[in-house]
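In what follows, chains carry the letters A, B, and so on, assigned in the order in which the sequence lines appear, proteins first and then strands, with residues in each chain numbered from 1. Please read these numbers as outputs of a predicted model, since none were measured by experiment.
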Amino acid sequence: MTAELTIPNQTAPEDDVVIHHRTWKDYFTFSTDHKVIGIQYFVTGFIFYIIGGLLAEGIRTELATPDADLVDPSTYNSMFTMHGTIMIFLWIVPAGTGAFANYLLPLMLGARDMAFPKLNAVAFWIIPPTGLLLILSFFLGPAQAGWTSYPPLSLLTGKVGEGIWIMTLLLLGTSSILGGINFFTTILKMRIPSMSMMQMPLFCWAMLATSLLMLIATPVLAGALILLSFDLIAGTAFFNPVGGGEPVVYQHMFWFYSHPAVYIMVLPFFGVISEVIPVHCRKPIFGYGAIAYSSMVISFLGLIVWAHHMFTSGTPPWLRMFFMITTMVIAVPTGIKIFGWLATMWGGKINLNTPMLFAMGFISTFVIGGITGVMLAAVPFDIHVHDTYFVVAHLHYVLFGGSVFGIYTGIYHWFPKVTGRHIDETWGKIHFALTYVGFNVTFLPMHVLGLQGMPRRIAMYAPEFQGLNQVCTYGSYVLAISTVPFLINAIYCAYKGKPAGSNPWNALTLDWQTTSPPEIENFEVLPVLTTGPYDYGDTEEEEKELTAV
Amino acid sequence: MNIPSSIITLLLGIGLTLVSLWYGQNHGLMPVAASEEAGHIDGLFNAMMTISTGLFLLVQGIIVYCAIKFRRKPGELGDGAAIEGNVPLEILWTAIPAAVVLWISIYSFEIYNEMGGFDPSANDMHAMHGMPAGKGSAMAATMDGMPQGSPMIAALGVGASPENQGKPAAVNVNVLGLQYAWIFTYPEINVTSGELHVPVGKEVQLNMNAQDVIHAVWIPQLRLKQDVIPGTQTQLRFTTNKVGSYPLRCAELCGGYHGSMVTQMIVHTPEEYDTWIASQQQSAQAQAEIVKKTIAMNPANLSPGKYLAPYAKEMGVKPEMVRHLHQQHDMSKSIASVIK
């Protein structure tokens, strides 16, 4: 085989969008095409995002007043239980790993599909019925014990819903493990022969780290849930103190998965940001090796920090200290990434379009989540703020300010690739402004509420907290409204947007070296690597900079 | 004006440091500190706030500066400089955060020690299950007054500060959490209360257990929190230094009315505390007398009003209120309707 240039033939004129190879019907089938599956994941996830978001608005509306006056307090508990479960297991995990990784990995690696296409389709098709099952539990007496579902409370309230909740999570966990096997194998085995590990786009490194976590941590959650279901259904006493069980063991097993889950939810978006920033700043990523390896370090450290969720639980002091130090250390690889992104921006020619704005928004909000994360790791301080609104603020800065901003960054960046058309910039910027403002108004005051003494997961609170809670509630309405321009813009532009051509950003990674939308097997002729993924930049400029220094 | 950029950077750095130092001390985000240890924790928080403010301003500043300074002007073509990295710089921003978090860890370690987190008697794993295995009897056991305060039975949680280690606390309180209330039993003086009363300046030990699900005692003004776990005894030990009344909240989701599981911790002066004990013991005595009387008398001979009067008094119901009720609602009628 002779070496082919990576740039596809530009025979079609710019405004002639390549004919869609897929019709809408394909998206309702058991398709094994990774691109179809990616879109299936995203759209399904977004529908659940809207449901979870509506629940959040219900929660915030309830909290606009100190009394439990909108819904019954136990219904309120079900609402935040469902909100957490849906947002984590049916939106961020499927959108991050399912949608982005499925769509992008084969394209970036120069593969025609994932390593196990059928397994991939199975992993996706577990999700819609499982999600519906979870929603159905709302009408059968839903779970009320929070997404953490600590026994003994979870064994005493909303038993039918709790059973469904356990089954839902087991199924979603299975889907996640199947996905993890696929990503891991694809990254290691499906690269084009000319691409070494150190030439992979950083998104692939991030997914390698993520898939390891999915494979190592998820089975432990399954174990915990199966034992919990025995306690619930068969009356065993693994975790039930009535009968000699130990509820704290459940917490260990739960967090052994659920802390790495945070990294499963955020590492893919570290990858997304690493892709987006160099392209729109027209500069190489600053410190490729450091950013690639820091993903692996985060993945490893992520496995040995779980008990920092249990500092006020039944944990001996040495354990509190050990987990404090490991948790603090995670700030170092995370900092390497953040400084690397900032240094990439520094001296660039930044195109302030919507994907870049969301990427900058990501750094701006995620850094707050990171800072409060280090604070929470300090045991004496954590003892004060554990289980308060400070933690609620922190986790939303990580999972919304991190993951959801990352999702939007990726959507705006790859929209031309997926649809072959541009998404409207003006509406994109309006979406960004509303999201950024709404997000910060909703979650920044929660830090203060927590420090001042408001616990989380309460339907009724002391009247002195009402003012700040109302600010949060108004912010959440702005955040809800911000989704509307995005949805209209995205749906309209997918069909009527300006044709984008195959590589509107002049990007160098392989995903941009094929048609938009990519043809069914991705590449007409398999590409050969001619440049590194981030070889942007003007070498003359570099010399000028060097002489200036 | 032609000010060298290094001087501007230096000035910005000094400004950033000063703002961080000021805000770290003056954020006013914490509630009143009602113990010495709470003050130490605030010191740790202030230190972290100072570093955080600096880092926050640095990162946001760079983002905004980049957005303005390095923004692509309309019609501008070409790329930025092809700089792929800078090893000394990367080492610098790995080493500095590593040093900072290490310092915070050591600082936290010290504060945790001062709080009594390392009190060996509070964390003896072998004695962890101090409670009898029959969890259903937790309530009864607490009411009877468990043999606590002795180093033999210890629990997880925050123990005595280093200078008090090995000594029993001045006041021992058994705490029982149940959906959705707290019951505080003072085994030494035989008093049971729904509020936590403590004398200022004396070391207090809470020996905690839960009856049904996991609860958590949180006293924000003491910066203390500890899960209260059914079947496992946990403890908190503290010394207050400010007289006042502070909320004591449940912080671990325990069911629908979790949010209303709030009571007060009242920190008394020693004299007030003695008065409170006396009043409690008196009322306990009165209660005992009532019980005696009730047994001695045949309740059938008493009118319901007379029979219930002591209990009404106990519940804080005033005779006027009862009379008022009578006016509005003829009791005998309603009773008759019930019988029918």
Side-chain angles (χ1 to χ4, degrees), chain A residues 73-74 77 146 150 152-153 157 241-242 244 247 281-284 286-287 290 312-314 316-317 325 328 331-332 335-336 339 342 345 347-352 360 363-364 367 371 375 378-381 383-384 386-387 448 451-453 455 457-461 536-539 541-542 545, chain B residues 29-31 41 44-45 48 52 55-56 59-60 62-63 66-67 70-72 78-85 90 93-94 97-98 101 104-105 108-109 111-112 115 117-118 123 125 133 135 156 213-214 216 220 223 225-227 229-232 249 251-260:
Chain A
S74 55
N77 288 6
Y150 280 6
L153 182 66
T157 52
V242 178
C281 296
R282 309 308 303 167
K283 266 188 75 195
F286 196 96
T312 69
S313 187
I325 293 164
M328 295 251 178
V332 177
I336 290 174
F339 292 125
L342 292 177
M345 281 161 58
K349 294 263 165 55
I350 303 174
N351 186 2
L352 279 183
M360 290 160 96
I363 302 175
S364 154
V367 79
I371 289 172
M375 289 183 169
V379 174
F381 177 68
I383 287 176
H384 175 52
H386 175 74
D387 263 327
V448 184
L451 289 169
Q452 291 283 330
R457 295 174 164 177
I458 55 174
M460 55 290 261
Y461 56 87
Y536 307 105
D538 194 334
T539 36
E541 284 279 331
E542 188 193 7
E545 290 266 331
Chain B
L29 294 173
M30 282 286 198
I41 295 168
L44 171 67
F45 178 61
M48 292 196 293
S52 303
L55 183 63
F56 172 82
V59 172
Q60 311 292 354
I62 291 175
I63 294 173
C66 286
F70 302 120
R71 180 184 193 153
R72 182 176 290 270
D79 282 9
I83 301 166
E84 294 197 338
E90 286 168 49
W93 69 47
T94 307
V101 294
I104 296 177
S105 299
S108 303
F109 194 89
I111 300 294
Y112 192 58
M115 285 165 68
F118 295 105
N123 295 290
M125 288 300 283
K135 272 79 192 182
L156 292 168
V213 298
I214 302 176
R223 318 279 186 268
K225 186 182 291 119
Q226 175 57 48
D227 281 10
I229 305 167
T232 303
R249 295 194 165 93
E252 182 66 58
L253 176 65
C254 63
Y257 290 88
H258 166 53
S260 61

Per-residue contact mode, B:L44 against chain A (heavy atom under 4.5 angstrom): side chain
Closest-packed option against chain B by number of heavy-atom pairs under 4.5 Å, given A:K283, A:M460, A:M360: A:M460
Best-contacting candidate, A:S364, A:G146, A:G287, against chain B by heavy atom pairs under 4.5 angstrom: A:S364
Parallel, tilted or perpendicular: ring planes of B:Y112 versus B:F118, cut at 30 and 60 degrees: perpendicular
Under 4.5 Å from any heavy atom of chain A - which part of B:E90: side chain
Under the side chain to side chain donor-acceptor pair (under 3.5 Å) test, residues paired with B:S108 that sit two or more places apart: none
Choice from A:A290, A:P152, A:P380 maximising heavy atom contacts with chain B below 4.5 Å: A:P380
When A:I458, A:I350, A:D387 are compared by non-hydrogen pairs under 4.5 Å with chain B, the top option: A:I350
Toward chain A, the part of B:I214 with a non-hydrogen atom under 4.5 Å: both
Heavy-atom contact with chain A under 4.5 Å, split by part of B:C254: backbone
B:L253 portion near chain A, given a 4.5 angstrom heavy-atom threshold: both
Option that, when pairs with chain B are counted at under 4.5 Å, heavy atom only, ranks first among A:I363, A:L342, A:V379: A:L342
Side chain, backbone, both or neither of B:M115 within contact of chain A (heavy atoms, under 4.5 Å): side chain
Part of B:R71 lying under 4.5 Å from any heavy atom of chain A: both
Contacting region of B:Q60 [heavy-atom separation from chain A under 4.5 Å]: side chain
Pairing residues for A:S74 by the side chain to side chain donor-acceptor pair (under 3.5 Å) criterion, not counting sequence neighbours: A:D72
Pairs of heavy atoms under 4.5 Å with chain B: top-ranked of A:I371, A:I325, A:T157: A:I371
